[in-house]
Colleague: 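Can you keep this structure in mind? I'll have questions shortly.
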Amino acid sequence: MAKIETPRPVRGTQDMLGGTPDAFAERFAHVVATFDRVRKLYGFQRVEVPVFESTAVFARSLGESTDVVSKEMYTFEDRGGDSITLRPEFTAGISRAYITEGWQQYAPLKVATHGPLFRYERPQKGRFRQFHQLDAEIIGAAEPGADVELLVFADQLLKELGINDGVTLTLNTLGDAQSREAWRAALIAHFEAHRGDLSEDSVERLGKNPLRILDSKDPRDRPVADSAPDIDAYLTDEARGFFEKVTSGLDAAGVAWERNARLVRGLDYYRHTAFEFVTDRLGAQGTVLGGGRYDGLIENLGGPATPAVGWAAGIERLAMLVDAPEGEIIISVVPDNAEVDEEAQRIASRLRASNIAVDVAFKGNAKKRVELAKKRKHTAILIVRSTSGDREKLYLQHIDEGKDKAEVHKLVYGALGLDSGLSGGDLR
RNA sequence: GCGAUCGUAGCUCAGUUGGUUAGAGCGCCGGUUUGUGGUACCGGAGGUCGGGGGUUCAAGACCCCUCGAUCGCCCCA
C-alpha cells in the first residue's frame with residue numbers, strides 16, 4: 001500500500017501549543033492581554049476589520065512601488081472574479097472602514113485591534129508569512145498631542161511587558177508634503193552626484209525610493225548616506241513646530257527617545273512623525289513597534305482629508321522578548337482510588353463553579369496522576385481519599401513554590417466551604 | 001528573488017577516514033518495587049536515516065537534483 005503523503009504546514013506559518021508558562025503560545029497570549037489592558041487605559045476602542053479586502057485598498061494605500069504591494073501580497077481572484085488580498089497590514093483596512101462605515105462622526109477616533117496579517121516573504125527569525133500585530137490608530141486628529149499620546153501608550157505597553165530596557169524609541173520627522181518634497185529633491189541631487197559610489201541596490205533605490213538609501217546597511221553606501229542632507233534644513237515652520245511639540249510632549253511624559261535623522265519608513269503614506277522602537281536582541285529584525293503619521297492616506301482612498309497617526313507592533317517579536325508570564329493557578333484533583341472517583345468529580349465541579357481552574361486526569365492510579373500533575377507544573381494537588389480510618393478526607397499538596405501556599409489553601413478550601421481537610425462525611 | 005548552514009525514532013541528538021542486524025536520553029505502552037507519593041528497576045513498541053538519481057564490492061556518511069527548516073540579504077512588525 002502506498003504511503004499517503006502527510007500534509008505539511010505552509011511555509012512561514014506557525015503552530016503554537018500552550019500549557020506551560022514558558023510556551024510560546026502563553027507568551028503570545030500575555031502580550032495580547034497586556035495590550036488589551038493598557039489600550040483601555042488610553043481610551044482606545046476595540047475594532048474588528050476583515051482579514052481580506054479588495055486589492056485596491058492596499059495597492060492605493062501603501063503605494064504601488066513598495067515591496068509589500070509589488071511582491072509580498074497574497075492576492076487572488078475570488079469566485080466572483082474580484083481581486084482580493086489578504087491584509088498585509090492594518091492601517092489601510094481601518095482607513096477604508098473609517099470611510100465606508102461613516103466613522104467620521106466619531107472623530108477623533110481612537111481604535112485598537114490585533115490579529116493575523118499575511119506577507120509573502122522568506123521566513124527568518126522574527127518574520128513569518130502569517131504573523132500577528134497589535135495596532136493602534138488615532139484618526140481625525142491633526143494635533144501633535146495625538147502623536148504624543150500614541151507614543152506614550154506604546155512606551156507604557158513595552159514597560160508593562162517588561163522589555164523596555166533593551167528597546168529604544170527612535171524618532172524622526174518626514175515633514176509635511178512640502179518639506180518632504182523639497183528634501184526628497186535635495187536627496188536625489190546628492191545621491192545622483194555620488195551615483196558611482198553607491199551599491200547596486202542603492203542605485204536601484206535611487207530610481208524607486210531614494211529615501212531608503214539613507215538607512216542602507218551596505219557599508220559602501222554609508223559615506224554617501226551619512227553625508228546626505230538632513231531634513232531639518234527643508235522643514236517648513238509648521239513642520240518644525242509640529243515636531244518640536246511632539247518631542248517636548250514626550251519629554252513632559254517622561255518617555256525616553258532618540259533622534260534618528262536617518263529613519264525613514266517604507267510605506268508611501270507617512271508624513272511628519274515617524275518612529276520605531278528597536279532592539280538588538282532579535283537578530284536582523286530590530287523593529288519591534290513602528291508607525292507614524294499618515295495625513296494623506298484617507299483622502300487618497302477617496303475619503304475626506306483626514307489627519308491620522310498610528311502604530312503597529314509584531315506580536316511574535318514582542319513574545320520573543322518577554323519573560324515567561326506567571327502561570328495561572330490550576331489545581332489537580334486526584335482520587336486516591338476508584339471508589340472516590342465520583343466524589344473527586346463532584347469536588348472538581350465545585351471548584352470550577354467557583355472559578356478555580358481544575359485538571360482531572362482521565363486515567364491512571366493516584367501515583368501516576370500525581371506525577372502528571374507535577375510534570376505539568378500545576379499549582380497544587382488535591383487528593384481525595386475514602387474516609388475509612390482516621391485520615392483526613394482531603395489532602396492538599398502544594399507544588400508551585402512561586403505561589404503563596406496559604407493563599408492557595410484558603411482559596412481551595414474556601415470554595416468548598418471548609419476550614420481544612422474534612423474528616424469523614426460527604427460533601428453535599 | 002539571492003546566499004550560507006542543516007534534514008537520523010513522537011522530541012533532543014550520537015553515529016569515528018564509506019564497512020556486520022542504525023544507537024542514546026526523554027516521551028509512550030506493559031510490568032516490578034514503593035505506598036501521603038515528581039527522582040528506583042525490568043521489558044516492549046516505534047526509523048524504507050526528508051525524497052529521487054548517481055559513484056562504489058559496500059552509502060546515514062561522497063556527488064547531483066529536489067523538497068523542507070534555520071539564519072542572513074532585500075524589505076518589514
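When reading the values below, keep in mind they use all heavy atoms of this one structure, side chains included, and skip hydrogens, waters and symmetry mates. Chain naming here is simple, since letters A, B, ... match the order of the sequence lines and numbering starts at 1 in each.
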Colleague: If you define the side chain from C-beta out and look only at heavy atoms, does anything of A/R87 sit under 4.5 Å from A/V49?
Modeller: yes
Colleague: Grab the CG-C1' distance between A/L282 and B/C76 for me, whole Å please.
Modeller: 13 Å
Colleague: Could you check whether A/R346 pairs with A/E343 (Lys NZ or Arg NE/NH1/NH2 to Asp/Glu carboxylate O, under 4.0 Å)?
Modeller: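 Yes, this pair counts.
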Colleague: Using a cut-off of 4.0 Å on non-hydrogen atoms, how would the nucleic acid contact of A/G283 be classed: base, sugar-phosphate, or nothing?
Modeller: sugar-phosphate
Colleague: Answer with base, sugar-phosphate or nothing: what part of the nucleic acid does A/L289 contact at a heavy-atom distance below 4.0 Å?
Modeller: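 Since only primed, P, OP1 and OP2 atoms lie under 4.0 Å of A/L289, the category is sugar-phosphate.
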Colleague: Distance alone, cut at 3.5 Å: any donor-acceptor contact between the side chains of A/E137 and A/Y294?
Modeller: yes
Colleague: Using atom C1' of each nucleotide, how far apart are B/A58 and B/A40 to the nearest Å?
Modeller: 44 Å
Colleague: How close or far is atom C1' of B/C11 from atom CG of A/D15, stated in whole angstroms?
Modeller: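 In whole Å, B/C11 C1' and A/D15 CG are 16 Å from each other.
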Colleague: In whole Å, measure the gap between the P atoms of B/G54 and B/G46 for me.
Modeller: 30 Å
Colleague: When you compare B/U56 with B/C62, how far apart are their C1' atoms, in angstrom units rounded to a whole number?
Modeller: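 It works out to 10 Å between them.
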Colleague: Could you please name the partner base of B/G37, counting Watson-Crick and G-U wobble pairs only when both distances are under 3.5 Å?
Modeller: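 Here B/G37 is not engaged in any pair, so there is no nucleotide opposite it.
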Colleague: With a non-hydrogen cut-off below 4.0 angstrom, is A/F128 in contact with a base, only sugar-phosphate, or nothing?
Modeller: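 Touches a base.
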Colleague: Where each residue is assigned the nucleotide of RNA chain B containing its nearest heavy atom, which of A/K125 and A/Q397 is assigned the position nearer the 5′ end?
Modeller: A/Q397
Colleague: Can you find a side chain N or O atom of A/R11 that sits less than 4.0 Å from OP1 or OP2 on B/A69?
Modeller: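 Answer is yes, contact under 4.0 Å.
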Colleague: When you measure from the side-chain N and O atoms of A/Q124 to the phosphate of B/G72, is any distance below 4.0 Å, counting only OP1 and OP2?
Modeller: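 True: A/Q124 side-chain N/O within range (under 4.0 Å) of B/G72 OP1/OP2.
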Colleague: Could you tell me how far B/U34 sits from B/U39 if I compare only their C1' atoms? Round to whole Å.
Modeller: 13 Å
Colleague: Taking atom P of B/A77 as reference, at what distance in whole Å does atom CZ of A/R122 sit?
Modeller: 21 Å
Colleague: Using the C1' atom as the reference point in each nucleotide, state the distance between B/G18 and B/C63 in Å, no decimals.
Modeller: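 Comparing C1' positions in B/G18 and B/C63 gives a spacing of 13 Å.
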Colleague: Distance check, rounded to the nearest 0.5 Å: A/R271 atom CZ versus A/R265 atom CZ?
Modeller: 14.0 Å
Colleague: For B/G27, give the paired nucleotide (Watson-Crick: N1-N3 plus N6-O4 or O6-N4; G-U: N1-O2 and O6-N3; both under 3.5 Å), or none.
Modeller: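 Looking at the geometry, B/G27 pairs with no nucleotide.
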Colleague: Centroid separation under 6.0 Å, is that true for the rings of A/F153 and A/W311?
Modeller: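 When the ring centroids of A/W311 and A/F153 are compared, they turn out to be within the sub-6.0 Å range.
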Colleague: Between B/C75 atom P and A/D201 atom CG, what is the distance in whole Å?
Modeller: 7 Å
Colleague: Among B/G1, B/C75, B/G37, which is the nearest nucleotide to the side chain of A/E72?
Modeller: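 That would be B/C75.
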Colleague: Between the side chains of A/E192 and A/R195, is the shortest nitrogen-to-carboxylate-oxygen separation below 4.0 Å, so that they form an ion pair?
Modeller: yes
Colleague: Name the pairing partner of B/C62, where a pair is Watson-Crick or G-U wobble with both distances under 3.5 Å, or state none.
Modeller: B/G54
Colleague: What nucleic acid atoms does A/R265 come within less than 4.0 Å of, heavy atoms only: base, sugar-phosphate, or nothing?
Modeller: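 Sugar-phosphate: the residue A/R265, judged by heavy atoms under 4.0 Å, touches backbone atoms but no base.
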Colleague: Considering the options A/R27, A/H132, A/R127, A/K125, which one meets the side-chain hydrogen bond (donor to acceptor under 3.5 Å, both in side chains) requirement together with A/E316?
Modeller: A/H132
Colleague: Under 4.0 angstrom, heavy atoms only, what part of the nucleic acid is A/E371 near: base, sugar-phosphate, or nothing?
Modeller: sugar-phosphate
Colleague: Please state how far atom CG in A/L161 lies from atom C1' in B/A77, giving the value in whole angstrom units.
Modeller: 14 Å
Colleague: Among B/A77, B/C74, B/G72, find the nucleotide with the atom closest to the side chain of A/T287.
Modeller: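 Closest nucleotide among those given: B/A77.
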Colleague: Tell me: CG of A/L263 to P of B/C76, nearest whole Å?
Modeller: 11 Å
Colleague: Between the side-chain atoms of A/R317 and the base atoms of B/C76, is any donor-acceptor pair under 3.5 Å?
Modeller: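 Yes, the side chain and the base share a sub-3.5 Å donor-acceptor pair.
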Colleague: Distance between the C1' atoms of B/C6 and B/U12, in whole angstroms?
Modeller: 15 Å
Colleague: Taking atom types as they are modelled, is there a donor-acceptor pair under 3.5 Å from the base of B/C75 to the side chain of A/R127?
Modeller: yes
Colleague: Which comes earlier along RNA chain B counting from the 5' end, the contact point of A/G12 or that of A/E121, where each point is its nearest nucleotide?
Modeller: A/G12
Colleague: Looking at B/G72, B/C74, B/G68, which one has an atom nearest to any side-chain atom of A/K71?
Modeller: B/C74
Colleague: What integer distance in Å separates A/R87:CZ from B/A77:P?
Modeller: 15 Å
Colleague: Where the side chain of A/K217 is concerned, which of B/G38, B/C75, B/G68 is the nearest nucleotide?
Modeller: B/C75
Colleague: Among A/V288, A/L171, A/L263, whose side-chain contact (heavy atoms from CB on, under 4.5 Å) with A/E276 holds?
Modeller: A/L263
Colleague: Could you check how far CG of A/L17 sits from P of B/G10, rounded to whole Å?
Modeller: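 After rounding, the reported distance stands at 18 Å.
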Colleague: Just to be sure I understand the rule, does A/R205 reach a base, reach only the sugar-phosphate, or reach nothing, if contact means heavy atoms closer than 4.0 Å?
Modeller: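 Sugar-phosphate: the residue A/R205, judged by heavy atoms under 4.0 Å, touches backbone atoms but no base.
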Colleague: In whole Å, measure the gap between the C1' atoms of B/G60 and B/G51 for me.
Modeller: 14 Å
Colleague: In Watson-Crick or G-U wobble terms, both distances under 3.5 Å, what is the partner of B/A69?
Modeller: B/U5
Colleague: Taking only the P atom of each, what is the distance from B/A45 to B/C29 in whole angstrom?
Modeller: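 Their P atoms lie roughly 16 Å apart.
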